[in-house]
Chemist: 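Have a look at this one.
Just the heavy atoms: all of them, side chains too, but no hydrogens, waters or symmetry mates, feed the values below. Per chain, numbering begins at 1; letters A, B, ... match sequence-line order.
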Protein chains: 2
Amino acid sequence: MSTTVNTVLTRADCERMDASDALAALREDFLLPEGMIYLDGNSLGARPKASLERARQVIEQEWGQDLITSWNKAGWFDLPSTLGDQLAPLIGADKGEVVVTDTTSANLFKAIAAALHMQAAHTERKTIITERSNFPTDIYMAEGITRWLDRGYQIVLIDHPEELASVINEKTALVMLTHVNYRTGYLHDMKAVTALVHQHGALALWDLAHSAGAVPVQLQEANADFAVGCTYKYLNGGPGAPAFIWVPHKHHAQFHHPLSGWWGHASPFAMDPHFSPTPGIRRALCGTQPMISLALVGCGLDVFGKTSMQALRTKSLALTDLFIALTESRCASHPLKLVTPRAHAQRGSQASFEHPHAYAVIQALIERGVVGDYREPGIMRFGFTPLYVGFADVWDAVETLRDILDQRDYDSNLQKNAVT
Amino acid sequence: MSTTVNTVLTRADCERMDASDALAALREDFLLPEGMIYLDGNSLGARPKASLERARQVIEQEWGQDLITSWNKAGWFDLPSTLGDQLAPLIGADKGEVVVTDTTSANLFKAIAAALHMQAAHTERKTIITERSNFPTDIYMAEGITRWLDRGYQIVLIDHPEELASVINEKTALVMLTHVNYRTGYLHDMKAVTALVHQHGALALWDLAHSAGAVPVQLQEANADFAVGCTYKYLNGGPGAPAFIWVPHKHHAQFHHPLSGWWGHASPFAMDPHFSPTPGIRRALCGTQPMISLALVGCGLDVFGKTSMQALRTKSLALTDLFIALTESRCASHPLKLVTPRAHAQRGSQASFEHPHAYAVIQALIERGVVGDYREPGIMRFGFTPLYVGFADVWDAVETLRDILDQRDYDSNLQKNAVT
């Protein structure tokens with residue numbers, strides 16, 4: 001299935017779509033600036049209304065009044081697991097398999113290390129395959145650990161998803177992919193790719209930064225090996241909120257990584273001078289977590305409890321279908337080129353277009369309250385978060401884009417530098 | 001110099017000491033529960049009054065209204081360095097040498113890795129010396145990296161600070177010590193120890209978890225090599241607030257570690273598929289930081305801007321001198337044994353006593369609003385934070401302890417289990 005939107009729609013049609021949208025009411029759970037159309041929830045999710053009150057509770061009561069007793073009484077120490085269990089159903093994971101902790105980068109490090117450790121007996125398996133277009137930190141973390149281990153590991157960068165089948169072989173230790181590409185919105189078939197990876201005796205690590213809360217994810221059903229992801233994009237956890245890591249029960253006993261800090265110890269308060277990992281998912285923890293930022297992750301997850309990933313996916317595809325169709329019809333005279341797949345099965349919750357002056361156009365859009373973002377090289381990226389973006393928003397965003405392109409209302413931005 | 005307090009003092013004497021204490025007004029910058037005497041700021045610092053308003057600003061304005069523009073406009077991206085520069089004078093560091101980021105454990109990992117890398121040419125240097133009584137995560141992180149590198153590194157645990165001189169030799173790569181011991185409050189002579197370490201061609205890594213904000217620290221003057229530390233204890237940054245790492249300018253060019261995430265890249269937004277570290281201290285960064293927790297670190301640091309570490313040290317020693325003297329005189333009939341050094345030069349900002357029923361006594365104290373904590377094995381630990389603890393507080397704490405011991409008002413706690 002792919003785009004099948006009637007492109008002779010009017011704004012009134014979009015308003016009718018909003019009126020019959022069962023998810024429209026969830027918009028009330030978020031606060032966004034008056035008049036802004038926010039199509040950048042794939043960079044930083046919007047603020048849940050509940051977050052300020054939750055922060056007040058943690059700061060005034062848990063920290064200010066209850067102090068150290070909050071490590072137990074307010075559940076601080078357990079919070080990485082409590083939030084992990086709340087997040088688990090959104091990614092097709094079981095309870096006890098996810099912790100919210102540290103950064104996506106650090107969690108990648110743990111998962112890559114654990115994968116290489118699990119493959120260590122297969123001394124011929126020396127390659128990690130990933131995509132050149134993967135988010136850079138994923139590649140950097142693989143570089144970090146392989147350079148340090150200094151045992152002949154190589155990182156193989158593929159340029160198209162289809163190359164994987166020809167590159168993977170008996171020398172592959174790990175395939176590490178981002179489920180939805182941050183730039184293009186390309187969505188991998190997790191189940192098929194994982195099966196291919198396993199056929200070759202390799203392990204599959206998925207980065208869900210742009211899929212957790214954006215598309216249905218079925219980690220268990222796909223038989224994936226490891227996953228990491230971000231809570232501050234589609235999950236609306238707050239700026240830089242702690243990331244997550246998923247390790248399935250089947251791999252817990254073999255999950256060893258070098259970031260062996262006291263929060264991953266079997267008995268963290270026994271002050272044992274030797275490290276002994278706790279049996280379950282908490283062995284993926286390392287050090288003390290930032291409780292105020294961590295607690296707010298719950299406010300974003302609470303909103304997901306009011307709907308389902310399937311309902312969100314249906315609306316997400318309707319939004320991106322509409323945006324693509326309207327942009328291609330109403331801005332047809334302009335050199336815009338869609339880089340996001342048209343096929344639903346290959347599309348995340350975003351739509352990206354190339355334009356010769358992509359950076360300048362994005363700046364002009366932002367100046368008019370339509371917030372997308374620019375990504376090197378030459379891409380305008382628009383994220384569609386069904387929790388708080390509606391169909392009339394899509395109409396208005398495209399009309400603003402059309403007007404900017406028609407009027408060349410981006411010329412004054414042409415000299416600005418994209419990379420800061 | 002050591003304890004010289006007149007132990008025939010009265011509460012009125014203590015009140016007079018408070019009345020003439022130039023730091024007493026700083027108590028107004030903190031909120032603590034009514035009637036509580038909080039002697040656990042070495043575990044979790046008290047809440048600065050300003051923190052709630054700062055959280056509101058970050059959540060309502062920076063996140064809710066300004067969204068992604070806050071990465072630049074609100075200084076989010078720079079915040080690890082901005083806070084690092086604010087913290088630097090408290091630890092005798094220069095600007096551009098400190099970042100507030102990640103956890104103490106993760107920062108230890110980076111520093112240990114970088115030290116071993118700097119020593120890699122000296123293939124005979126295969127030992128890391130630390131104390132068996134060091135905070136366990138320090139040892140665990142050293143175990144983590146050495147086990148993974150698998151190049152014959154060994155961790156040598158010493159049982160007394162004096163052993164270092166006989167154990168250090170030409171095989172030592174790194175000496176890793178916590179400046180103030182979390183349990184006993186023993187304070188190392190950083191300058192002398194670092195000089196000894198350097199005489200033997202080794203590097204010195206200092207954990208400042210119990211000294212930053214507690215005692216004057218002079219990293220530059222001591223010619224130390226690396227330091228890490230915690231912001232949620234004496235620095236009052238909030239529960240689990242991000243930690244810090246110090247790398248002196250002289251070591252920046254050689255500072256390489258495997259947690260090579262995008263925030264440490266020379267050009268993080270250029271999306272280069274290969275890692276290239278940024279020249280300065282930001283190469284110690286890895287992934288995206290939790291902005292709300294991070295921002296609140298500034299509220300704690302702001303209070304330190306109103307005084308000096310020397311003034312704080314003078315009061316801290318007066319408080320611990322008083323607590324030790326009153327406890328030993330007024331509870332003289334009870335089996336209390338001071339484990340914190342009497343000599344000022346060897347004492348941090350705490351006083352720890354052994355007691356056969358230490359855990360039960362601490363529970364009884366907490367029930368009466370005098371909050372210290374228990375540390376395995378058998379220690380009652382009392383932290384004295386001159387920013388918000390006064391001399392009458394010390395009097396009242398000792399009187400409460402005396403009453404509990406005299407009445408055996410801890411018997412009901414004897415069955416409780418210390419390790420959770």
Chemist: Counting neighbours of CD on Gln57(A) that are heavy atoms of other residues, nucleotides or ligands and sit closer than 6.0 Å, is the number greater than 12?
Modeler: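 Above 12, so yes.
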Chemist: Counting only heavy atoms not in Gln61(B) (residues, nucleotides, ligands), do more than 12 fall under 6.0 Å from its CD?
Modeler: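 Counting other residues, nucleotides and ligands, CD of Gln61(B) exceeds 12 neighbours.
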Chemist: Thr103(A), Ile292(A), Ile59(A): which one forms the most heavy-atom pairs within less than 4.5 Å of chain B?
Modeler: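 Highest number of heavy-atom pairs under 4.5 Å: Ile59(A).
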Chemist: May I ask you to name which of Ser43(A), Pro377(A), Ala113(A), Ala106(A) has the most heavy-atom pairs under 4.5 Å with chain B?
Modeler: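 If we count pairs closer than 4.5 Å to chain B, Ala113(A) comes out on top.
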Chemist: Take atom NZ of Lys73(B) as the centre, draw a 6.0 Å sphere, and report whether it contains more than 12 heavy atoms from other residues, nucleotides or ligands.
Modeler: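 No, not enclosed.
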Chemist: For Tyr232(A), which atoms come within 4.5 Å of any heavy atom of chain B: side chain, backbone, both, or neither?
Modeler: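 Interface part for Tyr232(A): side chain.
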Chemist: Which pair of non-hydrogen atoms, one from Pro273(B) and one from Leu157(A), has the smallest distance, and what is that distance?
Modeler: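 Result for this residue pair: CB-CD1, 4.4 Å.
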Chemist: If you count heavy-atom pairs under 4.5 Å between each of Gly144(A), Ser260(A), Ser105(A), Pro258(A) and chain B, which one has the most?
Modeler: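 Greatest number of close heavy-atom pairs with chain B: Pro258(A).
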Chemist: Any side-chain to backbone donor/acceptor pair from Thr137(B) onto Trp262(A)? Under 3.5 Å, distance only.
Modeler: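 Looks like yes, one N/O pair under 3.5 Å.
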Chemist: Below 4.5 Å from any heavy atom of chain A, which atoms of Arg151(B) appear? Answer side chain, backbone, both or neither.
Modeler: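 For Arg151(B), the side chain is the part near chain A, not the backbone.
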Chemist: Can a donor-acceptor pair be found, under 3.5 Å and without considering hydrogens, that links the side chain of Trp63(A) to the backbone of Gly45(B)?
Modeler: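 Here the side-chain-to-backbone pair exists.
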Chemist: Heavy-atom cut-off 4.5 Å, strictly under: side chain, backbone, both or neither for Phe30(B) against chain A?
Modeler: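 Neither the backbone nor the side chain of Phe30(B) comes within 4.5 Å of chain A.
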Chemist: Less than 6.0 Å separating the ring centroids of His117(A) and Trp148(B)?
Modeler: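 Judged by ring-centre distance (under 6.0 Å), His117(A) and Trp148(B) do meet the cut-off.
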Chemist: Once you round to the nearest 0.5 Å, how far does CG of Asp40(B) lie from OG1 of Thr69(A)?
Modeler: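 Asp40(B) atom CG to Thr69(A) atom OG1 measures 10.5 Å (nearest 0.5 Å).
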Chemist: Mind checking whether Ile68(A) and Leu44(B) have side chains closer than 4.5 Å, heavy atoms only?
Modeler: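 Yes, side chains in contact.
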Chemist: Quick one: what part of Ala243(B) sits under 4.5 Å from any heavy atom of chain A, side chain, backbone, both or neither?
Modeler: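 Contact with chain A: none, neither part.
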Chemist: Could you check which of Leu31(A), Ile139(A), Leu32(A), Leu52(A) has the highest count of heavy-atom pairs closer than 4.5 Å to chain B?
Modeler: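 So the answer, after comparing Leu31(A), Ile139(A), Leu32(A), Leu52(A), is Leu52(A).
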Chemist: With side chains defined as the heavy atoms from C-beta onward, is the minimum distance between Met141(A) and Leu259(B) less than 4.5 Å?
Modeler: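 Side chain of Met141(A) against side chain of Leu259(B), heavy atoms only: contact under 4.5 Å found.
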Chemist: Where does Asp150(B) contact chain A at under 4.5 Å (heavy atoms): side chain, backbone, both or neither?
Modeler: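 Both parts, backbone and side chain.
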Chemist: Which of the residues Asn134(B), Leu67(B), Leu149(B), Ile145(B) is involved in the greatest number of heavy-atom pairs with chain A at under 4.5 angstrom?
Modeler: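 Highest number of pairs under 4.5 Å: Leu67(B).
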Chemist: Evaluate the side-chain proximity of Glu60(A) to Arg47(B): yes if any heavy-atom separation is below 4.5 Å, no if none is.
Modeler: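 Result yes, sub-4.5 Å side-chain heavy-atom pair found.
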Chemist: Which atoms of Leu296(A) come close to chain B, meaning under 4.5 Å heavy atom to heavy atom: side chain ones, backbone ones, both, or neither?
Modeler: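 Side chain only.
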Chemist: Select one option (side chain, backbone, both, neither) describing which atoms of Phe135(B) are under 4.5 Å from chain A's heavy atoms.
Modeler: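 When you check distances to chain A, only side chain atoms of Phe135(B) fall under 4.5 Å.
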Chemist: Select one option (side chain, backbone, both, neither) describing which atoms of His274(B) are under 4.5 Å from chain A's heavy atoms.
Modeler: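 Looking at His274(B), backbone and side chain both touch chain A.
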Chemist: So, Tyr374(A) versus Phe269(B), ring centres under 6.0 angstrom or not?
Modeler: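 Centroid distance Tyr374(A)-Phe269(B): not below 6.0 Å, so no.
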Chemist: Has the side chain of Tyr140(B) got a donor or acceptor atom that lies under 3.5 Å from a matching backbone atom of Trp263(A)?
Modeler: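 No, the answer is negative, given that no donor and acceptor are paired below the 3.5 Å cut-off.
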Chemist: Which bit of Asn236(B) is near chain A, if near means a heavy-atom gap under 4.5 Å: side chain, backbone, both or neither?
Modeler: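 Backbone of Asn236(B) only, per the 4.5 Å heavy-atom cut-off to chain A.
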Chemist: If we define contacts as heavy-atom pairs under 4.5 Å, which of Gly287(A), Pro239(A), Ser51(A), Pro33(A) has the most with chain B?
Modeler: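 Of the candidates given, the most pairs with chain B belong to Pro239(A).
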Chemist: Using non-hydrogen atoms and a 4.5 Å limit, figure out which bit of Leu108(B) sits close to chain A: side chain, backbone, both or neither.
Modeler: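 Leu108(B) has no heavy atom closer than 4.5 Å to chain A.
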Chemist: Counting only non-hydrogen atoms closer than 4.5 Å, does Asp272(B) touch chain A with its backbone (N, CA, C, O), its side chain (CB onward), both, or neither?
Modeler: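 Contact with chain A: backbone and side chain both.
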Chemist: Can you name the closest pair of heavy atoms from Arg56(A) and Arg56(B) and give their distance?
Modeler: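 Taking Arg56(A) first and Arg56(B) second, the nearest heavy atoms are NH2-NH2, 3.7 Å.
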Chemist: For Phe275(A), does its backbone N or O pair with a side-chain atom of Glu143(B) as donor and acceptor, under 3.5 Å?
Modeler: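 Yes, because the side chain of Glu143(B) sits within donor-acceptor range (under 3.5 Å) of the backbone of Phe275(A).
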Chemist: Counting heavy-atom pairs under 4.5 Å to chain B, which of His257(A), Glu62(A), Arg375(A), Arg183(A) comes out on top?
Modeler: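 Top option by heavy-atom pairs under 4.5 Å: His257(A).
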